[in-house]
Amino acid sequence: MGYPGEGPPRTYLEGRGTSAIGQGHTALGRSAGHINRLHAHATSDTVALSHYVPAVRKWLAWSREFNIPMGSVIEMDRSMADYLAHMCYALGKSLNSGITTLSAAPCIFVELQGGMPEASRAIVAWRRFDIQGEGAPIPWSGVGAISRWLSEQPDQNAQRASHIVLLSADMYLRQSDWCKLIRGDVAASPKYGLALTLGVPERGESAKTGVPQGVRPDYQGSEDLLNHYRKLGPPEGPLFPINTSTFGAWWRKALAGLEYSGPGPPHTLRHVGPSSDIMMGYRTLEQVRIRGRWKAPSSCLRYAKSHSLIKAGEALTPKMLEYGEHHLQVMGFAKRDPDPRS
């Protein structure tokens, strides 16, 4: 990630309503003296403006709140490393959020382009932590319990999150898959049912394989949900009007509300389908690879964790099992066709 040598101008960061950061921020004032204004960046890249500027603003605001010195490159590097730890542990942000923040800093402060060793090591540690804790599979009854708890909350985003939980487990979806979908990505056929198109190149997207991919739902419940969402507006509108941050917040609330300590982050849902399909003999490893849109079988081996799935199932209480399985029945996720779909 990142645009080396590019980024929004410092004046954009310090102006236009940023007095809470720019005014009275003595640390920022000290660091500003080290920057040659002739090197201020300019860019027409809307992605950089929409992601990099907010990320750096949050870092600066946090540093000011805790009176962290930022008068030199070394101090800014240490501040960034501490802020990344805060994002990871206290805020529960995704690894990509941390990478975006680290990538943004040198685009705003040119003196940081020489490197930020402490912050870079923090990202390396975060990546290892993220891989280790990305989530073992959970049984479908656990998925049903999470979805049901969310469906019982009086909030539209909780309802949407409830549906996305079920769809993600069925179709092996990543957060980066469903968050980009528009209503026009749902294709319908009277004979073959529904299918999702993923990684649309015309929108600058790509799937794992680098080419447009698609996936068909196994369960009637998925088809019903997709039909519902695709009819809510014009084809160019977002399929799910909820972002990944809001989804992640509701995911954590559901786990806390259920006192369910088994699941990891939302990426756990990506593990559900492959593990249960292989354990039940519903799909071969090659069929799982195709459905999951991986380039090589070795890439999907870590998702085929039947032993972890069985262990996770044993940890569910009878009450949790009944609670989740009832919701799966109601939502149409209890039975599927005997022949697997791609």
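The model shown is predicted, which means the values in this text are computed figures rather than measured ones.
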Do you know the tightest heavy-atom contact between [X] and [Y]?
X      : Y      : result
Ser276 : Val272 : OG-O, 2.9 Å
Ile68  : Ser79  : CG2-CB, 3.7 Å
Pro274 : Val288 : CB-CG1, 3.8 Å
Ala105 : Met80  : CB-CE, 3.7 Å
Ser120 : Leu102 : CA-CD2, 4.1 Å

Evaluate the side-chain proximity of [Y] to [X]: yes if any heavy-atom separation is below 4.5 Å, no if none is.
X      : Y      : result
Leu225 : Ile164 : no
Val165 : Leu150 : yes
Cys179 : Asn243 : no
Leu173 : Leu269 : no
Pro54  : Arg57  : no
Leu194 : Arg230 : yes
Leu255 : Trp149 : no
Tyr260 : Leu316 : yes

May I ask you to check whether over 12 heavy atoms, not counting those of [X], lie within 6.0 Å of atom [atom1]?
X      : atom1 : value
Leu232 : CG    : yes
Gln156 : CD    : no
Glu152 : CD    : yes

Worksheet entry | Pairing of Arg289 and Glu286 as salt bridge, 4.0 angstrom limit | yes
Discussion item. With a 4.0 Å cut-off on N to O distance, would you call Arg291 and Asp170 a salt bridge?
Written reply: yes
Practice prompt. Evaluate the criterion side chain to side chain contact (heavy atoms under 4.5 Å, CB included) for residue pair Phe240 and Leu167; output intermediate values, then yes/no.
Written response: CA-CA 11 Å; Phe240 304 114; Leu167 291 166; 3.5 Å; yes
Practice prompt. May I have all residue pairs that pass ring pair (Phe, Tyr, Trp, His ring centres under 6.0 Å) and include part of residues 171-197, sequence neighbours excluded?
Written response: Trp178-Phe247
Using 0.5 Å steps for rounding, measure from the [atom1] atom of [X] to the [atom2] atom of [Y].
X      : Y      : atom1 : atom2 : result
Ile242 : Ser245 : CD1   : OG    : 10.0 Å
Asp82  : Phe66  : CG    : CZ    : 10.5 Å
Ser151 : His327 : OG    : NE2   : 4.5 Å
Tyr83  : His86  : OH    : NE2   : 6.5 Å

Worksheet item: Who are the salt bridge (Lys or Arg N to Asp or Glu O under 4.0 Å) partners of Asp277, not counting sequence neighbours?
Response: Arg283, Arg336
Fill in: Of Leu198, Asp177, Leu226, Asp218, the residue whose pairing with Met171 passes side chain to side chain contact (heavy atoms under 4.5 Å, CB included)
Leu226
Fill in: Met70/Met76 under side chain to side chain contact (heavy atoms under 4.5 Å, CB included): CA gap, chis, key distance, verdict
CA-CA 5 Å; Met70 299 260 288; Met76 295 175 76; 4.1 Å; yes
Worksheet item: Among all residues two or more places apart in sequence or in another chain, which pass the ring-ring contact (aromatic ring centres under 6.0 Å, His included) test with His163?
Response: Tyr229
